[in-house]
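Everything on this sheet refers to the single structure shown next.
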Amino acid sequence: MISIAVLAGDPMTGEGAVSCLRRYPGLKVLPQEEHRHADVILVITPDVTEETVLLMESVTARSANPGAGIVLVTGHIGDAHLLRAVRHGLRGVMWRQDTTYDKVVEAVRAVADGGAALPLPVQGRLVDHIREVQRDVLGPLGLTASGLETREVDVLRLLAEGLETTEIAQKLNYSERTIKSIVSVMMNRLGLRNRTHAVAFALRSGTL
């Protein structure tokens, strides 16, 4: 059973959405005042404004469910608001003029399962932003999207291949002391237990 709460810009829209959603099996529609216990929050608004994003931020901050996601039904969302909303739990976007409640429920179920439901143009905007951040912000600092420095990634890649410290130093033209320092600093910063844990972290984050 998926618990869902509806937050709408006007009472009539909210009441209509609640009435329709109650007809779908597997959904439990919570009263608006109990939204902090929902698995998915459905936000309905004609256009995303600063107030909308602040609402999402507040909902996420007060949620009793750390895995809760937000599905947004709207007519438009700008890039700045999109990026902030994603940080606050947005995982689904539906265009108000094109969607139906069947499609909304599909999105709700996808988000409840840990997935996302984003139109292709929105996916493209997010991918473009990630590339820009890597190119313009992280790259010049020698960092990657995972929070690892590029030289840390080089060391981890060789560790994953089974090389010892001496071999890694030779491959990268560093001293053994430098390699040990790189590994030590990285593990302390990320709270990693050992080299195996560090390689596993890099694999999970998609760095390797």
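Scope of the values below: all heavy atoms of this structure, side chains included, with no hydrogens, waters or symmetry mates. Quick caveat, the model's predicted, so the values are computed rather than measured. Residue numbers start at 1 and run along the sequence shown.
Put simply, the side chain of Leu42 reaches to within 4.5 Å of the side chain of Leu21, judged on heavy atoms. A 4.5 Å side-chain heavy-atom check between Arg22 and Val18 finds at least one atom pair inside the cut-off. Using a 4.5 Å cut-off on side-chain heavy atoms (C-beta onward), Ile44 and Leu7 make no contact. Two residues are said to be in side-chain contact when any heavy atoms from C-beta on lie closer than 4.5 Å; Arg125 and Leu82 meet this criterion. No side-chain heavy atom of Glu167 sits less than 4.5 Å from a side-chain heavy atom of Leu158.
Distance check: Asn65 CG to Ser3 OG gives 7.0 Å after rounding to the nearest 0.5 Å. Rounding to the nearest 0.5 Å gives a distance of 12.0 Å between NE2 of His76 and OG1 of Thr49. Here the straight-line distance linking atom CG of Leu156 with atom CZ of Arg195 works out to 10.0 Å at 0.5 Å rounding. Atom CD of Glu164 is separated from atom CD1 of Ile168 by 7.5 Å, given to the nearest 0.5 angstrom. Distance NE2/His37 to OG/Ser63: 9.0 Å, rounded to 0.5 Å.
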Q: Evaluate side chain to side chain contact (heavy atoms under 4.5 Å, CB included) for His129 paired with Asp79, printing each intermediate quantity in order.
A: CA-CA 9 Å; His129 175 70; Asp79 284 349; over 6 Å; no
Q.
Determine whether Leu83 and Leu126 satisfy the following criterion, side chain to side chain contact (heavy atoms under 4.5 Å, CB included), listing intermediate values before the conclusion.
A. CA-CA 8 Å; Leu83 297 173; Leu126 291 174; 3.7 Å; yes
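For Asp154, the salt bridge (Lys or Arg N to Asp or Glu O under 4.0 Å) partners at least two apart in sequence or on another chain are Arg157. Contacts of Thr45 classified as side chain to side chain contact (heavy atoms under 4.5 Å, CB included), with partners at least two apart in sequence or in another chain: Val48, Thr52, Leu72, Thr74. Annotation: salt bridge (Lys or Arg N to Asp or Glu O under 4.0 Å) contacts of Arg84 (sequence neighbours excluded): Glu50. Taking Val40 as the reference, Ile2, Val71, Val108, Val111, Ala112 meet the side chain to side chain contact (heavy atoms under 4.5 Å, CB included) condition, with sequence neighbours excluded.
Counting only distance, with no hydrogens or angles, the side chain of Glu34 and the backbone of Pro31 share no donor-acceptor pair below 3.5 Å. Judged by distance alone, with hydrogens and angles left aside, the side-chain atoms of His88 form no donor-acceptor pair with the main-chain N or O of Ala85 at under 3.5 Å. Between the side chain of Thr60 and the backbone N or O of Met56, at least one donor-acceptor pair lies under 3.5 Å. Remark: the backbone N or O of Glu149 is paired with a side-chain donor or acceptor of Glu152 at under 3.5 angstrom. Remark: the backbone N or O of Gly115 is paired with a side-chain donor or acceptor of Arg91 at under 3.5 angstrom. Put simply, the side chain of Arg62 never gets that close to the backbone of Arg36: no donor and acceptor are under 3.5 Å apart. No donor-acceptor distance shorter than 3.5 angstrom exists from the side chain of His81 to the backbone of Ile77, with no hydrogens or angles considered.
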Acceptor/donor pairs from residues 174-187 side chains to any protein atom, 3.5 angstrom cut, sequence neighbours excluded:
{"from": "Ser175", "atom 1": "OG", "to": "Thr178", "atom 2": "N", "distance (Å)": "3.1"}
{"from": "Ser175", "atom 1": "OG", "to": "Thr178", "atom 2": "OG1", "distance (Å)": "2.9"}
{"from": "Glu176", "atom 1": "OE1", "to": "Thr166", "atom 2": "OG1", "distance (Å)": "3.4"}
{"from": "Glu176", "atom 1": "OE2", "to": "Thr166", "atom 2": "OG1", "distance (Å)": "3.3"}

Contacts table for residues 95-105: side-chain donor-acceptor under 3.5 angstrom, sequence neighbours left out:
{"from": "Thr100", "atom 1": "OG1", "to": "Lys103", "atom 2": "N", "distance (Å)": "3.3"}
{"from": "Asp102", "atom 1": "OD1", "to": "Tyr24", "atom 2": "OH", "distance (Å)": "2.4"}

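Criterion: ILVMFWY side-chain heavy atoms under 4.5 Å apart, direct or through other members. Under it, Ile4 and Ile70 are not part of a common hydrophobic cluster. Val93 and Leu54 are assigned to two separate hydrophobic clusters, defined by single-linkage of ILVMFWY side chains at heavy-atom distances under 4.5 Å. Hydrophobic clustering places Val43 together with Val122 (ILVMFWY residues linked when any side-chain heavy atoms are closer than 4.5 Å, directly or through intermediates). Connection of Leu55 to Ile41 is established within a shared hydrophobic cluster, with ILVMFWY side chains joined at heavy-atom distances below 4.5 Å, either directly or through further cluster members.
Across all non-hydrogen atoms, the minimal contact from Ala68 to Ala38 is CB-O, 3.6 Å. Of all heavy-atom pairs between Pro66 and Ala64, the closest is CD-O, 3.6 Å. Contact between Asp47 and Gly75 at its shortest, heavy atoms only, is OD1-C, 4.4 Å.
Among Leu163, Leu172, Thr165, the single residue meeting the side chain to side chain contact (heavy atoms under 4.5 Å, CB included) criterion with Val155 is Leu172.
The local environment of NE2 in His197 is crowded, with over 12 non-hydrogen atoms from other residues, nucleotides or ligands closer than 6.0 Å.
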